[in-house]
Structures are given as C-alpha cells and as structure tokens.
*Asks:* 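Can you read through this structure? Questions will come right after.
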Amino acid sequence: MAVQEQVYGFFIPSVTFIGIGASKLIPEKIKALGGSKPLLVTDKGVIAAGILKQVTDLLDADKMPYIVYAETVPNPTDTNVHDGVTVYTKNGCDSLITLGGGSSHDCGKGIALVVTNGGKIHDYEGIDKSTKPLMPYLAVNTTAGTASEMTRFAVITDTSRHVKMAIADWRVTPGIAIDDPVLMVGMPPALTAATGMDALTHAVEAFVSTIANPMTDACAIESIKLVFKYLRKAVANGQDLEAREGMCFAQYLGGMAFNNASLGYVHSMAHQLGGFYNLPHGECNALLLPYVEKFNLIAKVEKFAAMAEIMGENIAGLAPRDAAELALKAIRQLSADVGIPTNLVELGKRYGKDVKAGDIPTMTANAQKDICRFTNPRCATDKDVADIYTAAL
C-alpha cells in the first residue's frame, strides 16, 4: 500500500449474474436497465459458434426488437466503432448489449462512448475523457477471459497509426454483466488457452502493481489459484462445466483486480503487437508475461514468492528470491501445457505475420506511451523495453 496520501477506487458493474443459466436473464435485465430496442454488438466467431442464436432466441421469445452489428474484428478498430455508431443511430436503438469476448465488449464500449458523448473514438484515448453517462448497457461474456464485460477499460486499434488506443473511463463500465459458462463450452482449446492466460496476466500484473491494495490483492490471489486449478482442465475438455465455471470466476476476479489496480508492461507491450501485427491479445500477453515479470521480479520479490506458493510450488525452506523464481517457472510450465508459443517469431508464423527485430524501436516507443505502463512495479527505459522484446523474439 501507499506510504503517502492515497485514495483507492474500486470499480465494478452495479450487478453481475454469474453461473450456469445466467444468460436466461438477458431480456429481463436489459429492460430493467431501461432498454427496449438494443443494438447487439458481436462478431462472426460468436455467430459461427451458435451463441448469437441462443441469445436472439431469448430476445425473440420476449418479443423484444433488436439490431445486430456483427462486424467486430479480433482487434476492434476505429472503423468498427464508427460503423457501429451509424447502425445504432440509423435504427433508433436505445440501449446496448455486447456479446462475446474482449473484442465485442471493447467495440461496444467505443460505440457507446461516441453515441452518448459525440466526437470520434480517438477523443477518448487516455483516462476518464467522457462527460456523459452511457445508454443502458448489458455485457454478456462468452470467454474467460478478458473480463471486459465488467471493466472500465476498452482498447481500440487506430488504423491510421497502427497502434492500440487504451481507454480507461469509469463511465464505460457496463451496468450489468452476465457470465454464463454454458455460453463458453464451444470455445476451442486454443482460444480457451489464450483467454485463460489473459486472465492470469491480469491477476499477476494487478498483484504487483504500484497501486495494488488489500482488496485487489485478495481478488488477484484467488484468480491465480483458480486459473492454475482449472485452465488445463478447460483446455483439455471444453465440455467440463466445472472447469468452465471455475474459469468464469477466475477471469472475473482477475478483472476486479486489474480494473482497480491497473496493469503493467505486459499489456503496454502486448498492445503494440496487436496494433502493429494484428496478433491475438491473449496470446501476446501470455507470451510476454514471463519475460516482463523476470524484469519486474527484483521490485516485488516477496509478492512473486507468494505467487509461487499460490501456483502450487513448494517454497518451503527457500529464500524469498529463490521462491520468487519458481513463480516464473510455474507460468512458463502452464503456458507450455496449454500450447502458447514460446517466442514472438513462432507466434507470428502461427498467424502469417513476420515479426521482425527492425520493428522493435517503433513498438518500444509506442509501449512507452501506453497508459498501462504507469503502474508497472519497475521503471523501464526504452532500452529495457527493447531488450524484453528482443528476448521474447
């Protein structure tokens, strides 16, 4: 905690419904928020998995009119937001439902900001730039996960600069969040792994953040425990509802932690890989996590030692520094078990991208502008950031 005057905020949705069958509440709860004709923001993957139909069947049964905007891409762009705003206004929508993982929720948040506050999405890059509340907003999560269904964060790619704009604004927190593991059983193993490691990254970065506090620590600790208990099981068998529900809670608790303690250089650097190469956010985080935390270790030795024990490592009789190293070992082993690539070149090849050392100076400069870096536990120079990218290459 702080050694000087410090006031901590704690941001979460007003209400969250979590557990098997929670999605059945969607029509009732959007009406409770005051919505009567929502724009439903989603993506092609959610449609292909049959999840959109599960939700629209509920709305149809309730005789609620709605409009679907399903053009969100994996790293949502300013163009997605602009097009979604047009669909919302032209069709006279009065509320918002986002359905999916982080991409759908972030895109929806961008649409909501521009509809209610005007201007362009670029105007809201940074912290708390909005001045007006959003329309009634219900977020339905289908991954575990980004936790975007319950956070005050959105990340939108600026297609002209090829960078991800990080938006932190308490007004974009959804009014109601729904996490139903039934909607997650269709996630393929690779996506389960990537989103699960994203959840772990949130918890780890929040735990060692410079503005962590007892409330965020409690959330981060339990999130880490649940990820290590359930992620391997969820990747091995997506139909395992116990594992899916466990990961629901893991990602939500991780969201509670980072929504209030913020993040660090893993996200600052991962955002550049997503913006520059259009690589998946979860896998970028997962790959960078052990490299960045190796750099951070000397700043938070006691916390890394505590994490090692939380992750199931035997730290009995070890000096704190030696115990802390076991946390990095545990992270690497979990990543390997769930199939995360070990370096950036390998990750790039998986998606047909050529990750090059020559791009590191540009990505480093942009990472140093990203708001997530401000709460990293160890200060990093441009050379430090470039060295981490190079080590991960």
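This is a predicted model, so every value here is computed, not measured.
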*Asks:* Verify, without hydrogens or angle tests, whether Asn259 (side chain) and Arg152 (backbone) share a donor-acceptor contact under 3.5 angstrom.
*Replies:*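 Side chain of Asn259 to backbone of Arg152, a donor-acceptor pair under 3.5 Å: yes, one is there.
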
*Asks:* Shortest non-hydrogen contact from Ala261 to Ser209?
*Replies:* O-OG, 2.5 Å

*Asks:* Grab the two heavy atoms, one from Glu283 and one from Ala194, that are nearest each other, plus how far apart they are.
*Replies:*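 Where Glu283 meets Ala194 most closely, the heavy atoms are CG-CB, 3.6 Å.
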
*Asks:* To the nearest 0.5 Å, what is the distance between OG (Ser262) and NE2 (His202)?
*Replies:*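 Here the interatomic distance stands at 10.5 Å.
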
*Asks:* Judged by modelled atom types alone, do Asp370 and His267 share a side-chain donor-acceptor pair under 3.5 Å?
*Replies:* no

*Asks:* Examine distances only and state if a side-chain atom of Asn80 and a backbone atom of Thr77 form a donor-acceptor pair shorter than 3.5 Å.
*Replies:*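 Looks like yes, one N/O pair under 3.5 Å.
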
*Asks:* Say whether Thr86 and Asp83, considering side chains only, have a donor N or O and an acceptor N or O under 3.5 Å apart.
*Replies:*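 There is no such pair between these side chains.
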
*Asks:* Would you say the side-chain atoms of Asp179 pair up with the backbone N or O of Asn141, donor to acceptor, closer than 3.5 Å?
*Replies:*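 Here the side-chain-to-backbone pair does not exist.
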
*Asks:* Do Gln368 and Tyr265 pair up side chain to side chain, a donor and an acceptor below 3.5 Å, judged on atom types alone?
*Replies:* yes

*Asks:* Main chain of Pro74, side chain of Ser103: is a donor-acceptor contact present, judged purely on distance under 3.5 Å?
*Replies:* yes

*Asks:* Do Ser36 and Asp94 pair up side chain to side chain, a donor and an acceptor below 3.5 Å, judged on atom types alone?
*Replies:*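 There is such a pair (donor and acceptor under 3.5 Å, judged by atom type) between the side chains of Ser36 and Asp94.
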
*Asks:* Between the side chains of Lys383 and Asp387, is the shortest nitrogen-to-carboxylate-oxygen separation below 4.0 Å, so that they form an ion pair?
*Replies:*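 Looking at Asp387 and Lys383, the cut-off is met.
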
*Asks:* Between Tyr230 and Phe249, is the ring centre distance below 6.0 Å?
*Replies:* no

*Asks:* Decide whether Asp180 and Ser23 meet the rule of one side-chain donor and one side-chain acceptor closer than 3.5 Å.
*Replies:*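 Per modelled atom types, Asp180 and Ser23 side chains form a pair under 3.5 Å.
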
*Asks:* Relative to the ring of His281, is the ring of His271 parallel (under 30°), tilted (30 to 60°) or perpendicular (over 60°)?
*Replies:* parallel

*Asks:* Within this structure, what is the CD1-NZ distance for the pair Ile156 and Lys164, rounded to the nearest 0.5 Å?
*Replies:* 9.0 Å

